[in-house]
Amino acid sequence: MSGFTRARSAALVLASAAAAAVLAAPSAVAAPEPIVGGTTTTTSAYPFVMQITDASQNQFCGGTLVAPTKVVTAAHCMVGETTRSVRVVGGRTNLNGTNGTVAKVSRIWVNPDYTDATNGDDVAVLTLSTSMPYAPVKYVSASDTGVYATGASARILGWGTTRENGSSSNQLRTATVPLVSDSSCRTSYGSDFVASDMVCAGLPSGGVDTCQGDSGGPLLLGGVLAGITSWGEGCARAGYPGVYTRLTTFSGLVSAQVNS
Ligand code: ARG
């Protein structure tokens with residue numbers, strides 16, 4: 001799932017570590033707190049936020065309920081997974097909880113253009129065997145490209161690690177991060193950033209970000225699903241925003257799955 005992130009990061013680690021050492025005080029290198037830099041919340045507040053788990057209900061990614069039996073997640077979360085190996089858990093705020101609703105998966109659609117070589121096209125749709133009794137959230141349509149205004153406040157959610165190389169959060173966390181312009185994200189990531197497929201969010205100084213285990217989860221703009229947590233160089237590093245799937249590019253493909 002997050003293996004490709006580590007792989008792609010390896011080449012950049014030395015360069016960015018050196019840059020961080022020059023540019024940032026040591027205390028800024030170790031990023032502070034939740035999702036990274038957020039607050040705890042609940043699945044009552046965000047009922048559409050799903051845990052993607054293995055058959056033993058161990059969470060490894062996030063997902064978003066967009067219809068009673070349809071969950072949007074990241075393609076990279078589904079690498080090596082089958083309908084037998086995956087469960088979706090809704091209504092469970094804490095990873096160590098046993099409450100909520102567990103659904104089996106009857107179909108996994110992975111964007112056929114996804115490859116771990118580029119991280120592009122990072123979207124998948126799971127069809128559940130049973131309905132989730134939680135309110136789904138709307139997702140952007142193809143024409144909603146205006147939602148990605150630079151500086152717009154994006155809400156991110158997940159159970160991922162609360163710092164780079166840290167451990168997962170037992171309780172669901174959330175934070176807001178401003179959208180970064182495509183040109184700025186290109187400056188950060190070079191040709192790894194593909195503006196047609198991806199959108200970036202984070203503060204110039206870092207400190208707030210998604211991190212490992214948040215992948216597949218939602219990025220919301222105006223309360224609407226507009227991105228999917230995909231990748232980044234480390235977590236919450238200055239100059240390296242989080243990278244999210246630009247969902248408007250894939251709305252048609254997602255709708256074809258949601259309506260099938
Ligand atoms: N690929 C990671 C995962 O599988 C998510 C990484 C997000 N990283 C970031 N710096 N925003 O959970």
Are the side chains of [Y] and [X] in contact, using a 4.5 Å heavy-atom criterion?
X	Y	value
S184	C200	no
L65	V137	no
P136	P68	yes
L95	S168	yes
Y139	V72	no
Y148	T248	yes
P218	I228	no
T42	Q171	yes

Between [X] and [Y], is there a shared hydrophobic cluster once you connect ILVMFWY residues whose side-chain heavy atoms come closer than 4.5 Å?
X	Y	value
V66	V224	yes
V102	V105	no
V89	Y134	no
V36	V180	no

Do C235 and Y240 pass the side chain to side chain contact (heavy atoms under 4.5 Å, CB included) test, and can you show the C-alpha distance, the side-chain angles, and the key distance before you say yes or no? CA-CA 8 Å; C235 300; Y240 290 97; over 6 Å; no
Would you check, one step at a time, whether the test side chain to side chain contact (heavy atoms under 4.5 Å, CB included) holds for V123 with L253? CA-CA 9 Å; V123 55; L253 287 169; 5.8 Å; no
Which atom pair, heavy atoms only, marks the closest approach of [X] to [Y]?
X	Y	answer
D113	N111	N-OD1, 2.8 Å
T245	D122	OG1-O, 2.8 Å
V208	A236	N-CB, 3.9 Å
A154	L179	CB-CD2, 4.0 Å
W159	T93	NE1-O, 2.7 Å
R173	T162	NE-CG2, 3.8 Å

Side chain to side chain contact (heavy atoms under 4.5 Å, CB included) evaluation trace for F48 with L220: CA-CA 11 Å; F48 49 82; L220 304 171; 3.7 Å; yes
Between [X] (side chain only) and [Y] (backbone N and O only), is there a donor and an acceptor less than 3.5 Å apart?
X	Y	value
S169	L172	no
S260	Q257	yes
T118	G120	yes
Q51	R92	yes
N94	N96	no
R87	R84	yes
N259	A256	no
T82	S85	yes
T161	E164	no
D144	S141	yes

D182 and R246 ion-paired at < 4.0 Å: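 A salt bridge is present here (some side-chain N lies under 4.0 Å from a carboxylate O).
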Measure the [atom1]-[atom2] distance between [X] and [Y] for me, rounded to the nearest 0.5 Å.
X	Y	atom1	atom2	value
Y114	S230	OH	OG	7.5 Å
T43	M50	OG1	CE	7.5 Å
L126	E81	CG	CD	10.0 Å
T176	L203	OG1	CG	8.0 Å
C61	Q212	SG	CD	10.0 Å
D214	L219	CG	CG	11.5 Å

Check whether the side chains of [X] and [Y] place a donor and an acceptor atom closer than 3.5 Å, and report yes or no.
X	Y	result
T53	Q57	no
Y244	T210	yes
H76	S215	yes
R155	T174	yes

Step through it carefully: locate the ring centre of W231, locate the ring centre of Y189, and say whether they are under 6.0 Å apart.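 For W231 and Y189, the ring centres are under 6.0 Å apart.
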Can you name the salt bridge (Lys or Arg N to Asp or Glu O under 4.0 Å) partners of D121, sequence neighbours left out?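 D121 satisfies salt bridge (Lys or Arg N to Asp or Glu O under 4.0 Å) with no other residue.
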Please lay out, stage by stage, how V243 and N119 fare under the test side chain to side chain contact (heavy atoms under 4.5 Å, CB included). CA-CA 10 Å; V243 187; N119 302 333; over 6 Å; no
Within residues 59-74 or reaching into it, pairs that qualify as side-chain hydrogen bond (donor to acceptor under 3.5 Å, both in side chains) - sequence neighbours excluded: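 Only K70-T127 qualify under side-chain hydrogen bond (donor to acceptor under 3.5 Å, both in side chains).
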